[in-house]
2 protein chains.
Amino acid sequence: MFSERQQQIVETAIKIIAQRGIQNLTIKNIASEIGISEPALYRHFSSKLEILKAVITYFQIKMQPALEKLNRSINSLNKIESFIIEHLKIISQNQDFAKVIFSEANFQNEENLILKMNNMMNRSHKVLETVIQSGQKNNEIRTDINSLSLIRMIIGSMRLLVTQWSMSGMIFNLENEGKQLSDDIKKIIVVK
Amino acid sequence: MFSERQQQIVETAIKIIAQRGIQNLTIKNIASEIGISEPALYRHFSSKLEILKAVITYFQIKMQPALEKLNRSINSLNKIESFIIEHLKIISQNQDFAKVIFSEANFQNEENLILKMNNMMNRSHKVLETVIQSGQKNNEIRTDINSLSLIRMIIGSMRLLVTQWSMSGMIFNLENEGKQLSDDIKKIIVVK
DNA sequence: CACTGGTTAGTGAATACTAACTAAGATAAT
DNA sequence: ATTATCTTAGTTAGTATTCACTAACCAGTG
């Protein structure tokens, strides 16, 4: 899908956004970070917009395993734990992701990018929704709470955790803190 | 604190960020939206950075009442409900806020702005933390869940709700949806 | 000898900000 | 009360810099 050079460009773009903000994502900065000239970039992407689209696609590819692994659990609560832990594992292994992935606002002014970003998010939410609803049917997850609220609490707290981790300068261990959060979420949603 | 013109500039800046993204927040765009010339802006703010600082201060001022009103309740659960509802009420009355206020990434490349934004957030979290901890002492809020996790679930779900509202084009009623979320949160944290 | 992936040199447009000037109103001196 | 001066908030016309992107050329590889 992406050539090696294209991958390098996308990774460099993410790095620049993470470290210096989207305002500093310029063709010149990407090129000089890689060590090639500006026009050389255009041999690999036809425009800056195409690079941004590729950034989102790259996220999608990288985060995919977090959605697949949860099928290995049968129990709904374990699936939810897996959903949380696997997402956080990938993010903590790709630290630059944290500053960029949940900042929809970064891409806000390009219709295409919003759509692409929304699709990615929605896919993720849909997976969690399915897990929750089947868990409620199986009487593993309490049914006196709206499933939409549960989704918002789970994904919302995950996202906030990542934001806090990123704003703190990655000062704490994301996976450990995620395990604690996941345990607390399980306690809260389980049928007693 | 802010002159009328300064207020108008700040409000226009928020409007532009909300509608066209931070990349389109230029002195020229602010000026022409207001109907004055670019240099006239510099009579009111010494630089673009000062305008962005003022944007954050403006948020702080506007959101302040949401933190004050919760003291009118005695019950901890009601305080939490008030925390959620009052925040959402202000945001739904200032729709442009939604796209900007929770996007820390927008201000990511200026040390001063990150600090200012973090302070604002932390103040808000501290208030909620106090409520939760005193609620746990009074046996109104369950103590088998880490208070930090509770904070993350409440604020995280609130933020996600606002993000979804904003990304959907404000298609649903934020306050109603917030009431539902708040009810579900109360159910989940109350001691039974 | 064509293709791939580089180069140098440049373009027009946009950006934050400045210089120099001005008209209207407030304040102060006579 | 009139005149002189200062301040405020605006203007037009610029500046240097940066931006995304292009033209034209070139060296190595199959």
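Worth knowing before you read on, the calculation uses all heavy atoms, side chains too, and leaves out hydrogens, waters and symmetry mates. Each chain gets a letter, A, B and so on, in the order the sequences are listed, and its residues count up from 1.
- Regarding A:Asn29, its CG atom lies at a distance of 8 Å from the P atom of D:dA20, rounded to whole Å.
- Atom CD of B:Gln23 is separated from atom P of C:dA14 by 16 Å (rounded to the nearest Å).
- Candidate nucleotides C:dA16, D:dT11, C:dT8 were compared by shortest atom distance to the side chain of B:Ile36, and D:dT11 ranks first.
- Atom CZ of A:Phe45 is separated from atom P of C:dG6 by 13 Å (rounded to the nearest Å).
- Contact check, B:Arg43 against D:dT7: no side-chain N or O comes under 4.0 Å of OP1 or OP2.
- The CD1 atom of A:Ile30 sits 13 Å away from the C1' atom of D:dC19 (whole-angstrom rounding).
- Tested against B:Arg152 for a side-chain contact (heavy atoms from CB on, under 4.5 Å), the candidates A:Gln180, A:Met153, A:Arg159, A:Glu177 yield a single pass: A:Glu177.
- Looking at heavy-atom distances under 4.0 Å, B:Leu25 makes contact with sugar-phosphate atoms alone, never a base.
- Rounded to whole angstrom, the span from the CD atom of A:Gln6 across to the C1' atom of C:dT4 amounts to 13 Å.
- Taking the side chain as every heavy atom from C-beta outward, A:Ile34 and A:Arg5 approach each other to under 4.5 Å.
- At least one side-chain nitrogen or oxygen of A:Ser37 sits closer than 4.0 Å to the OP1 or OP2 atom of C:dT7.
- We find that OH of B:Tyr42 is positioned 9 Å from C1' of C:dT15, with the value rounded to whole Å.
- Whole-Å rounding puts the B:Leu49 CG to C:dT15 C1' distance at 16 Å.
- For the pair A:Phe102/A:Ser166, no side-chain contact is recorded, criterion being any heavy-atom separation below 4.5 Å from C-beta on.
- Under 4.0 angstrom from either OP1 or OP2 of C:dT4 there lies no side-chain N or O belonging to A:His44.
- Hydrophobic clustering keeps B:Ile80 apart from B:Val191 (ILVMFWY residues linked when any side-chain heavy atoms are closer than 4.5 Å, directly or through intermediates).
- For the pair B:Lys28 and C:dT15, the criterion of a side-chain N or O lying under 4.0 Å from OP1 or OP2 is not met.
- To the nearest angstrom, C1' of C:dG5 lies 16 Å from CD of A:Glu38.
- Between A:Arg72 and A:Asn78 there is no side-chain heavy-atom pair separated by less than 4.5 Å.
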